[in-house]
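Since the structure comes first, as C-alpha cells, the remarks are kept for the end.
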Number of protein chains: 2
Amino acid sequence: MSVQDEKTLPMGMFMDLERSGPIPLYFQVSQRIEKAILSGELPAGSRLENEVALGQRLGLSRPTVRRAIQEIVDKGLLVRRRGIGTQVVHGQVTRKVELTSLYDDLTNTHKVPSTHLLTLESQPADAKTAERLGVDEGSPTLHLRRVRLADDVPVAVMENWLPEDFIGIEPHDLVEHGLYQVLRSRGVTMRVARQHIGARKSTNEESALLEIEKNSALLTMDRTAFDNSGRAVEFGQHCYRPDLYSFEVTLVEK
Amino acid sequence: MSVQDEKTLPMGMFMDLERSGPIPLYFQVSQRIEKAILSGELPAGSRLENEVALGQRLGLSRPTVRRAIQEIVDKGLLVRRRGIGTQVVHGQVTRKVELTSLYDDLTNTHKVPSTHLLTLESQPADAKTAERLGVDEGSPTLHLRRVRLADDVPVAVMENWLPEDFIGIEPHDLVEHGLYQVLRSRGVTMRVARQHIGARKSTNEESALLEIEKNSALLTMDRTAFDNSGRAVEFGQHCYRPDLYSFEVTLVEK
DNA sequence: GACCTGATATTGTCATGACAACTGGCCAAA
DNA sequence: TTTGGCCAGTTGTCATGACAATATCAGGTC
C-alpha cells in the first residue's frame, strides 16, 4: 500500500481572476486554494494539480502559481515534495490555522469583547522600558493598563508602554477599539513583533482583576512590536487566564 | 530629522559564492547578510544596497537576490518598504532570533542536557491520541514519558505518543539523543508542527519530578508534528518549569 | 524473486525582462 | 510660504524559459 493512494482532484474552480484589480494574482489564487482546503473540497491527503498544469489552466505563469502555493505551505496546510507533488496535510485539525493573531480577532469568535481601562498616563521610561523601546531612560512614555473581557468575563491584564509621540491617545479610543486598531488609525502599521511566552503565579491584585483564586497559574506574554520603519512602537507585558486563553503556533521547517 | 538618516553601507563582502556546490545561491547570500547583521557589520537602521545593484555586484539575477533578502525579512531582521529600500530593524535585541526551535537546541546553550526515561511502552491509543495521530482508536502506539534536565536540573516533563511503526525504539537512543534526533536517524524529517501553549498548576507528581513546590505554575505545550508526507508522527504533551524555560516567537505581518 | 537501470513526473533553483506602485525630494506656480 | 506636480529611485508583481534534483514506476537482467 503506497503512502499517497489518494487521487488528484480536478479542482473545478478559479474561473474568475481579476487581472486588473489591486489584489495580486498569486494572492487571489492562494485564497481560493486555502478556502478549498478549509471547506473540505480538498480533503486531507489529496494531491494538488502540479504547478505547470495549474498555471496553464488558469492562464498564469509558473512563478505566480508557485508563489500562491508557497503562501499556503508557509501556513502549514500544504506539503510539497520534489518528484512527488503537493499534498494537503493529513490531520483533520485543518481549522483555526492562523498564526498567533494579535489578540483582537481571537476574542471575536462568538464572544463580545470589552475593555476596562485602569491606567492611562504619561510616565518616564525606566531602564527596562527604555531598552525595549529604544529610547533614552527617563524620556516620557505613554503607560496604559487594561483588563480585557470576553462576554464580561475577564481574560487578560495588559500593561503597555508607547513612545512619547503617542501621548494624546484618548481613553475613549482604547475602550472602543483596542490598541492595535488605534495605532493603525494613526498611520502606524505593525510589521515585526518579538514575543516571549511564559508562566508564573498570579499576584493578589491580578487574581482580583481576573476573578480567579490567589496564587493561580498565569500565562504571560511579553512583546515588543516594530512598525514598518523598524522603530519600536509598543512594549507590553500581558498575562492571561490559562483556562480561557492559549496560544496557537504553527511551525514549518525550512 | 528624518526617520532614516542612516547611510547605506558598502558591504564589501560576498566575494566567494560557490556556484557549483549543492547549497543554493540565495541561501548562501542570505546567510552572509544575516551574519553581517548579527555581527553588527550592518547596524540597526542601516540601509541595504538595492536589489538590482546587489545582484549586479554579485553576478546574480534579481529574483535570486530578492529571495535571499526575503528569507531574512521572514525572520524579522530586515524590513522592506516600496519606494524606500530595505533596512535593518531597529531594536538592539538582534540576537537569538530563531523561531521557536524544537527544544534540543535551546538547552544546548552552555548547558549540559540529559534525560531520565520514565516510561517506554506499547499502549493502545485512547480517543484523544487516536484523533491527534490520525489512527484508529485502540491501535497500538508507542508511549513514552521523559524528564529533561539541563545541568542536572529538571526543566521539563515530556509525554509523547508515536504511531506503531516506531515501536522498537531503544531506551538507549532516547537517553542519548532526544526524540527528534532519533526520528531523523530513522529517515523521518519533520515538516509541520502545530503547538498550543498554555499554563496550569502542577500536580503533586510533576512537582516532585521538577523539584518545585506543590501547586506551582507550569508552562504547558501540546504539539502534533507531521512529516514531509503530511502524516502525523508524534503527539506530545509537555510541561516546563517557567523559571527555567520560555518560548520565543517572532511574528512578521504579511 | 531480487536488483539494477532507465524513463517519466514533479518540484527546486536560477536567469532575463518588463511594467506597476509607492516614496521622497526638487521645482515651479499660486 | 505653501501647494501642487513632475521625476528618479526602489520594491512589488508577473511572464517566459531553462536546467537540476528527486521520487515513482516499469522493465529487463541476473
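These numbers come from a predicted model, not from an experiment. Naming convention: chains lettered A, B, ... in sequence-line order (proteins, then strands); numbering from 1 in each chain.
- Taking the side chain to side chain contact (heavy atoms under 4.5 Å, CB included) definition, one finds that B:P24 meets it with B:Y26, B:F27, sequence neighbours left out.
- Taking only side-chain atoms of A:I84, from C-beta outward, the nucleotide of D:dT22, D:dA23, D:dT11 with the closest atom is D:dA23.
- Remark: P of D:dT10 and CG of B:L54 are 12 Å apart, rounded to the nearest angstrom.
- Between the CZ atom of B:R82 and the P atom of C:dC22 there is a distance of 5 Å, given to the nearest Å.
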- [ ] At under 4.0 Å between heavy atoms, which parts of nucleotides 14-19 of chain C does protein reach? Answer with one letter per nucleotide, 5' to 3': B base, S sugar-phosphate only, - none.
- [x] SBB-B-

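- One can place CD of B:E49 at 10 Å from P of D:dT11, the figure rounded to the nearest angstrom.
- As rounded to whole Å, 11 Å separates atom P of D:dT11 from atom CG of B:L78.
- Without hydrogens or angle criteria, B:E234 side chain to B:N160 main chain gives no donor-acceptor distance under 3.5 Å.
- Judged as a side chain to side chain donor-acceptor pair (under 3.5 Å), and not counting sequence neighbours, the contacts of A:Q70 are A:D74, A:R80.
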Open item on the list: Assess the residue pair A:R146 and A:T115 against the criterion (side chain to side chain donor-acceptor pair (under 3.5 Å)); give the C-alpha distance rounded to whole Å, side-chain angles, the decisive distance to 0.1 Å, and a yes or no.
Closed with: CA-CA 7 Å; A:R146 295 167 296 164; A:T115 303; 5.6 Å; no

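- Checking the phosphate oxygens (OP1, OP2) of D:dT10, no side-chain nitrogen or oxygen of B:T86 falls inside 4.0 Å.
- Rounded to whole Å, the distance from CZ on B:R47 to P on D:dG9 is 12 Å.
- Residues satisfying the side chain to side chain donor-acceptor pair (under 3.5 Å) criterion with A:S61, sequence neighbours excluded, are A:T64.
- A:R66 pairs by the side chain to side chain donor-acceptor pair (under 3.5 Å) definition with A:E51, not counting sequence neighbours.
- Taking B:H238 as the reference, nothing meets the ring-ring contact (aromatic ring centres under 6.0 Å, His included) condition, with sequence neighbours excluded.
- Here the C1' atom of nucleotide C:dG12 and the CD atom of A:Q70 are 10 Å apart, to the nearest Å.
- Rounded to whole angstrom, the span from the CD1 atom of A:I69 across to the P atom of C:dT11 amounts to 7 Å.
- Phosphate proximity of C:dG12 to A:R80: present, with a side-chain N or O under 4.0 Å from OP1 or OP2.
- Atom pair B:N50:CG and C:dC22:C1' shows a separation of 15 Å (rounding to whole Å applied).
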